[in-house]
A.B. asks: 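Can you read through this structure? Questions will come right after.
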Amino acid sequence: MSTNQLDKKSNAWSALFSEPMSDLVKRYTSSVFFDKRLWQADIAGSLAHAEMLAAQGIIGAEDHACIVRGMTQIRTEIESGQFEWKLELEDVHLNIEARLTQLVGDAGKRLHTGRSRNDQVATDVRLWLRDEMDLIGDLLVELQKSLLDVAEKNVEVILPGFTHLQVAQPVSFGHHMLAYVEMFSRDAERFEEVRRRTNRLPLGAAALAGTSFPLDRERVARKLGMVDAQGQPQVCQNSLDAVSDRDFAIEFTAAAALCMVHISRMSEELILWMSQNFGFIKIADRFTTGSSIMPQKKNPDVPELARGKTGRVVGHLMGLITLMKGQPLAYNKDNQEDKEPLFDTVDTLKNTLRIFSEMVGGQLNAASGQKEGGMTVNSQPMEAAALRGYATATDLADYLVKKGLPFRDAHEVVAHAVKAATSHQVDLSELPLSVLQEFNPTIEKDVYEVLSLRGSLHARTTLGGTAPAQVRIQLARHRVRLG
Ligand code: ARG
């Protein structure tokens, strides 16, 4: 193929073709208006390839110098918005290569020696995604730190823990926040794993079978930072696989979808908690909107949208995994369809993580060095809600077990006590000792400590339990982990 030919908009790949592409087909097959986003990776990949070609004596030092000079100018043109992206040049790769040849002549035409767009695009997407995953990792650290800040301030605040959305047992609000820290820390681990498998070099696979030129693939890998933790170059070991599989993109999107599912679960809770029926929290006004008809409304648009956008990312996962299904080896044009879902997944996830960090933890005030405007926690309605639901019933059963009753019998005794308290519309702790003793004579005055929300909370000292002492241990562990 001659890039000069392309540049003249002849729309023909070679003498082989008897007619140009129709305009409709051109628009259908062109990807430049979305894949131009890969330009930095494309230039980095080309520079590493050119440097290696020169080191191996495949192109001359002069040609290499011309390529570097041309790419430097192209970078400036793209950054300043002067670069003219052309639909008829199909994609980011051909656009940049054509401009290079325009700028530096034959040296530009030599760049593609021992390379194909097939291994080029696979490399670009991997490089781009690797760097995006690093940014996502940073955003996940920020979000976890925001959650830690809220957790730290609310270790002793009690809310009803739910199962089946029915009041179950008293729980520390700090503990509840740390549950999300656990989820996001696993998400971060998943991205690190995916990063390791993404950060491997396809270049050198050429179109599908490798090339007859004496390439040094490991040199290119090192240049592009495609190395493992020990600094060893990471190179795809099968040329057919290297150009064709997009499993790294699929597993990235799977990790992103899961992360969004965690965000969505949290959103659902924030939405419930800020409703009038709960009144547990407030989020800053800048994350809410009013209603055009009901003047009293403040709607939790941000968590609702995040819950909605989770569907979109899950959809991208379905799109990508279906894209791969049924593709024979090696490269097929189907793979051009990987980009839009991947780009949108990255954008959606990054924006969501950013906004959630701020919505939960607040915004840094440069003057005071403090974060301001994060989530407000209303402890009073939380405790009141815990008191309404007999949240300490299990504690009474445990108390009876410690007095010698088998657990199943204790469970039955407490069911009767709860029934009596319900009919008098009081909490268990409000039943007089004499009434409690009617249910079981071993009950003594010390039961009231057990029946209090605080007593119940502080008793759950198992590793990973909700007792404030445990929550503080976990907080300290996370602080060390996140630095
Ligand atoms: N734009 C193409 C893609 O995204 C680049 C590779 C094209 N290769 C080819 N043989 N048509 O996959």
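Indexing begins at 1, ligand by ligand and atom by atom, following the structure's order.
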A.B. asks: Indicate every side-chain donor-acceptor pair of residues 134-143 with a distance under 3.5 Å to a residue at least two apart or in another chain.
C.D. replies:
| residue | atom | partner | partner atom | Å |
| --- | --- | --- | --- | --- |
| Asp134 | OD1 | Arg195 | NE | 2.7 |
| Asp134 | OD2 | Arg195 | NH2 | 3.0 |

A.B. asks: Excluding sequence neighbours, so at least two apart, what forms ring-ring contact (aromatic ring centres under 6.0 Å, His included) with Tyr331?
C.D. replies: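 So Tyr331 forms no ring-ring contact (aromatic ring centres under 6.0 Å, His included) with any residue.
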A.B. asks: Do any side-chain atoms of residues 54-69 form donor-acceptor pairs under 3.5 angstrom with protein atoms, and if so which ones, sequence neighbours left out?
C.D. replies:
| residue | atom | partner | partner atom | Å |
| --- | --- | --- | --- | --- |
| Gln56 | NE2 | Pro214 | O | 2.7 |
| Asp63 | OD1 | Arg110 | NH1 | 3.3 |
| Asp63 | OD2 | Arg110 | NH1 | 3.0 |

A.B. asks: If you measure from the Lys or Arg side-chain nitrogens to the Asp or Glu carboxylate oxygens, is any gap between Arg117 and Glu90 under 4.0 Å?
C.D. replies: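 Yes, Arg117 and Glu90 are salt-bridged.
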A.B. asks: For ligand 1, find each of its N or O atoms that sits under 3.5 Å from a protein N or O atom, and tabulate the pairs with distances to one decimal place.
C.D. replies:
| residue | atom | partner | partner atom | Å |
| --- | --- | --- | --- | --- |
| ligand 1 | 1 (N) | Asp91 | OD2 | 3.0 |
| ligand 1 | 1 (N) | Gln336 | OE1 | 2.7 |
| ligand 1 | 4 (O) | Lys339 | NZ | 2.6 |
| ligand 1 | 8 (N) | Asn118 | OD1 | 2.9 |
| ligand 1 | 10 (N) | Asn118 | OD1 | 3.0 |
| ligand 1 | 12 (O) | Tyr331 | OH | 2.5 |

A.B. asks: Between Lys371 and Glu152, is there a salt bridge with N-O shorter than 4.0 Å?
C.D. replies: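 Answer for the salt bridge query: no.
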A.B. asks: Determine whether Arg126 and Cys236 make a side-chain contact, defined as any pair of heavy atoms from C-beta on separated by less than 4.5 Å.
C.D. replies: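 Side chain of Arg126 against side chain of Cys236, heavy atoms only: contact under 4.5 Å found.
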